[in-house]
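One structure is given here, and the rest of the page talks about it.
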2 protein chains.
Amino acid sequence: MQISASLDLPAPVSVAEVPIHAGNETLALDRKDLAILAELTTNARASHTELANKVGLSSTALARRQKALEDDGYIQAYQAALDLTQFGLTTTVLVRIALESQSDEALKAFEAEVVKCPSVVRCFLMSGTDDYILIVLARDIQDFERIHRTELSRLPRVARVQSSFALREVVNRAVPTVVFGETKR
Amino acid sequence: MQISASLDLPAPVSVAEVPIHAGNETLALDRKDLAILAELTTNARASHTELANKVGLSSTALARRQKALEDDGYIQAYQAALDLTQFGLTTTVLVRIALESQSDEALKAFEAEVVKCPSVVRCFLMSGTDDYILIVLARDIQDFERIHRTELSRLPRVARVQSSFALREVVNRAVPTVVFGETKR
DNA sequence: TCTCCTTGGGCACACCGACACGCATCCTGC
DNA sequence: GCAGGATGCGTGTCGGTGTGCCCAAGGAGA
């Protein structure tokens, strides 16, 4: 039942060895497990019998595997995906923020506040020159001006804020397709 | 039953008018609808009775509202969230890509190929100097070197590639919290 | 080679629950 | 007061889910 695999970090891989797919520690999942995950990524509410037919298993076997995938932590949660454009959130903005200092105290202070910003959906602490990169969702450019004023400019220890607007989203995947291709079994 | 609201774009808003929450065209959703969405964002497989108890409705009323939310497109899909660290994907890289030219043909050629990159999860066409920004998931830095070599460097019309590694992810939300706070009713 | 044991799959069954319907009630706006 | 919309209750049917049991394949050991 899909044991271990929790801590088997990728083995050191020589550069020339890997063909095209990544990974390749022997993942404790076979093709049917990946098919289950791929299907659940699309239809989280699919029933056992429905999934069983698509994967090619009996409902019993599928139920066992699905439960194992949940218990082993491969499946974190089942969540509804909302259409944010229905809420008017059609504008994505990438914001680069540099702090006054990189002291531990400054980072903590900044992060404690940025998690409270209701329009921020992602925030990365980055290597390189820019300290943080945020992804902000807004209704339009005017709304982003408001967000900039009421949320971003109130963040502590900020030295510089630089915003770039996304004109279009070309790719938006929750899971990289590489995940569903990697298996030895 | 939650009609319309599909096309009611944000009304022009004077800068001083808005207090703290965004939006504020009269959204066709009341607090209970938002509570349903908030709950389904966490537990997509919750039953009608389970949701009804949390929201404070009967299962009948809840079923009607949930169906309306689906039919009106507020809920796009129900999907399983995978723990990507279980697959070894612990490294997030932001990649900025500038093309040789901004001609329509160059954009189309690039985009047609970037959607095929299995390690790319997001790709934005950006305003400003950088043409595209990608979010790439890798196992580690060595794995990103492979991705850079086998996926990114093969993209057409690329003039410059600049990569920044995310040291830590401070915020990761599927839905901005502002969504669940905006309503008039 | 034979046997034991483990692992995973499939079948059958029973139970509990979800879901959909009809109807009565309540509230609001006109 | 009336009409429309939304809620809540009750009921019946259907389907999903969980369990027990048996079977097949593969590996280990004697």
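Letters go in sequence order (proteins before strands), and every chain restarts at 1.
Look at CG on L57(A): it is 12 Å from P on dG8(C), rounded to the nearest Å. Residue L62(A) contributes atom CG, which lies 11 Å from atom P of dG18(D) at whole-angstrom precision. Counting to the nearest Å, the C1' atom of dA6(D) and the CG atom of D33(B) are 12 Å from each other. Regarding D30(A), its CG atom lies at a distance of 15 Å from the P atom of dG26(D), rounded to whole Å. Following rounding to the nearest Å, E50(B) (CD) and dG17(C) (P) show an atom-to-atom distance of 12 Å. Distance CG (L51(A)) to C1' (dG16(D)): 12 Å, rounded to an integer number of Å. Going from atom CG of N53(A) over to atom C1' of dG9(C) covers 15 Å, rounded to whole Å. As rounded to whole Å, 14 Å separates atom P of dG9(C) from atom CD of Q66(A).
Salt bridge annotation for R157(B)-E105(B): present, with a cationic side-chain nitrogen under 4.0 angstrom from a carboxylate oxygen. Between E70(B) and K67(B) there is no salt bridge, since no side-chain nitrogen of the basic residue lies less than 4.0 Å from a carboxylate oxygen of the acidic one.
A61(B) comes within 4.0 angstrom of the backbone, heavy atoms only, and of no base. Within the 4.0 angstrom heavy-atom criterion, only backbone atoms of the sugar-phosphate kind lie near T49(B); the bases stay farther away. Base contact: S58(A) has a heavy atom under 4.0 Å from a base atom.
Checked against a 6.0 Å centroid threshold, the rings of Y78(B) and Y78(A) do not count as neighbours.
OP1 or OP2 of dC19(C) has at least one side-chain nitrogen or oxygen of H48(B) nearer than 4.0 Å.
The base of dC19(C) lies outside donor-acceptor range of the side chain of S47(B), with no N or O pair under 3.5 Å. Side-chain to base pairing of R64(A) with dG9(C): one donor and one acceptor N or O lie within less than 3.5 Å of each other.
Under 3.5 Å, the side chains of Y74(B) and Q66(B) contain no donor-acceptor pair of N or O atoms. A donor atom on one side chain and an acceptor atom on the other are not found under 3.5 Å apart for Q79(A) and T41(B).
Heavy-atom distances to DNA chain D give each of K32(B) and T60(A) a nearest nucleotide, and the one nearer the 5′ end belongs to K32(B).
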